[in-house]
Amino acid sequence: MDFSIREANLDDCKDIARMIMELAEYVKLAEHVKVTQKDLEQDGFSNNPFFHGIIAEVPEQHKTKEGHTKIGYALYFYAYSSWSGRAIYMEDLYVMPEFRGKGVGKALISKVAQLGLAAGCHQLNFTVLDWNKPSMDFYLSQGCFNITATMGYHCMRCEGEALKHLAQL
Amino acid sequence: MTSGGHCWTTNDIIPLLFQELAKYEEMEHQVTLTEKELLEDGFGDTPFYHCIITEIQGQNSSEDPKVVGFAMYYFTYDPWVGKQLYLEEFYVMDEYRGLGIGSGILRHLSNLAMKTRCTGMMFVVAENNEPSVQFYKRRGAEDLSQEEGWRLFRFDKDSLVKMAAPSEE
């Protein structure tokens, strides 16, 4: 199947917002999504972007029955490890169900790896849900390792009231 | 005692502090980052991270202030809820703990998170680091790995290079 991988631009935000929701639904956490298309436009495509995107696109003849040609995406940003320096963090990786198993996911993550190496990064980090076996299998087959399992690292967050309270202590 | 929000002082102590923290988490052999890289990556054209330090004034006013604590952070993005402040490293020297320095650093960062319209502050803690886990949970942090099942994964440099290589058709 013919597809192309390219950097996302402002006009892709509508499809990115759609696919973010599809990914959230896939991991059964859709009610957590608060970010809108407008937020994505502002946060990803202004002077000081907080993230970058990559889009996987198919030619017109392969579009979905709803007419979508943008069928996968990855969102990433640059991070830093105090032990090993520059890192790239892949926040989202998604391919629409009917386009899976055709190398699109591999191509997206390969692009993220290329961009990371070009920027001098030493590692690519991301999270996966523990029940998401298809994703875990895919990533493990590409040669990564599970730092939560091997080093006991847990992801923590302070938000909402807890964050406000911390700011006042 | 003053809490300094100055730029770091390119003091030799910063790499030492990293070494101390790595010893605490029993991973000192994994620190490969050099002082040169730290300087370039934090204070070059595109900073990958920001740092705040806490200094205390010596007994003698002619003494240089002493760096006793620091935090390293950067901004990340959660496509579901927006900007986050990511706390990469947070350390107070042993002999200066229990004096409110840690809380002061967290207060400063939480304020900064709110001013920059981040919806949360995120970080990673090793599950066997009981004192730190309790420190954060007392302040309202949620363990996303435990509560939602998120697992942190990593591709190291070798795996990145393999993934970035064009695949054979």
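Residue numbers begin at 1 in each chain, while the letters A, B, ... track the order of the sequences.
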- From B:D94, B:L99, B:T54, residue fulfilling side-chain contact (heavy atoms from CB on, under 4.5 Å) relative to B:V68: B:T54
- Item | Contacting moiety of B:E147, where chain A heavy atoms sit under 4.5 Å | neither
- Task: Applying side-chain contact (heavy atoms from CB on, under 4.5 Å) between B:I52 and each of B:F70, B:F90, B:Y73, report the one that passes.
- Result: B:Y73
- With only heavy atoms counted, which part of A:N125 is less than 4.5 Å from chain B, the side chain, the backbone, both or neither? both
- Pick one of side chain, backbone, both or neither for B:D158, based on which atoms fall under 4.5 Å of a heavy atom in chain A. neither
- Message: Before you tell me yes or no, could you show the steps for A:E161 and A:K164 under salt bridge (charged side-chain N to carboxylate O under 4.0 Å, His left out), namely the whole-Å CA-CA distance, both residues' side-chain angles and the distance that decides it to 0.1 Å?
- Response: CA-CA 5 Å; A:E161 282 310 309; A:K164 281 201 198 112; 3.3 Å; yes
- Task: Measure B:T76 against the heavy atoms of chain A and call it side chain, backbone, both or neither at under 4.5 Å.
- Result: both
- Item | A:L29, part contacting chain B, at a heavy-atom distance under 4.5 Å | both
- Query: Contact part of A:L163 toward chain B, heavy-atom cut-off under 4.5 Å: side chain, backbone, both or neither?
  - Reply: both
- Checking A:V27 against chain B: side chain, backbone, both or neither under 4.5 Å from a heavy atom? side chain
- Is the gap between the ring centers of B:F155 and A:F126 under 6.0 Å? yes
- Is chain B contacted by the side chain of A:T36, its backbone, both, or neither, given a heavy-atom distance below 4.5 Å? neither
- Message: If I measure from the heavy atoms of chain B, does A:L75 come under 4.5 Å with its side chain, its backbone, both, or neither?
- Response: side chain
- Item | side chain to side chain donor-acceptor pair (under 3.5 Å) assessment of A:Y26 paired with A:N132 | CA-CA 10 Å; A:Y26 172 75; A:N132 189 350; 3.2 Å; yes
- Query: Using 4.0 Å as the upper bound for N to carboxylate O, is an ion pair formed by A:K38 and A:E41?
  - Reply: no
- Task: Output the distance between atom CZ (B:R154) and atom CG (A:L124), rounded to the nearest 0.5 Å.
- Result: 10.0 Å
- Checked A:G116, A:C144, A:A30, A:C121 vs chain B; the most non-hydrogen pairs under 4.5 Å come from A:C144
- Side chain, backbone, both or neither of A:F77 within contact of chain B (heavy atoms, under 4.5 Å): side chain
- Query: Side chain, backbone, both or neither: which part of B:Y136 has a non-hydrogen atom closer than 4.5 Å to chain A?
  - Reply: side chain
- Query: Tell me, side chain or backbone of B:M72 under 4.5 Å from chain A's heavy atoms, or both, or neither?
  - Reply: side chain
- Query: B:K137, B:Q146, B:E37, B:Q84: which one forms the most heavy-atom pairs within less than 4.5 Å of chain A?
  - Reply: B:Q84
- Determine the option with the most heavy-atom pairs under 4.5 angstrom with chain A, choosing from B:G82, B:G100, B:P79. B:P79
- Task: Name the region of B:Y74, side chain, backbone, both or neither, that has any atom closer than 4.5 Å to a heavy atom of chain A.
- Result: side chain
- Interface moiety of A:E91 toward chain B, non-hydrogen atoms closer than 4.5 Å: side chain
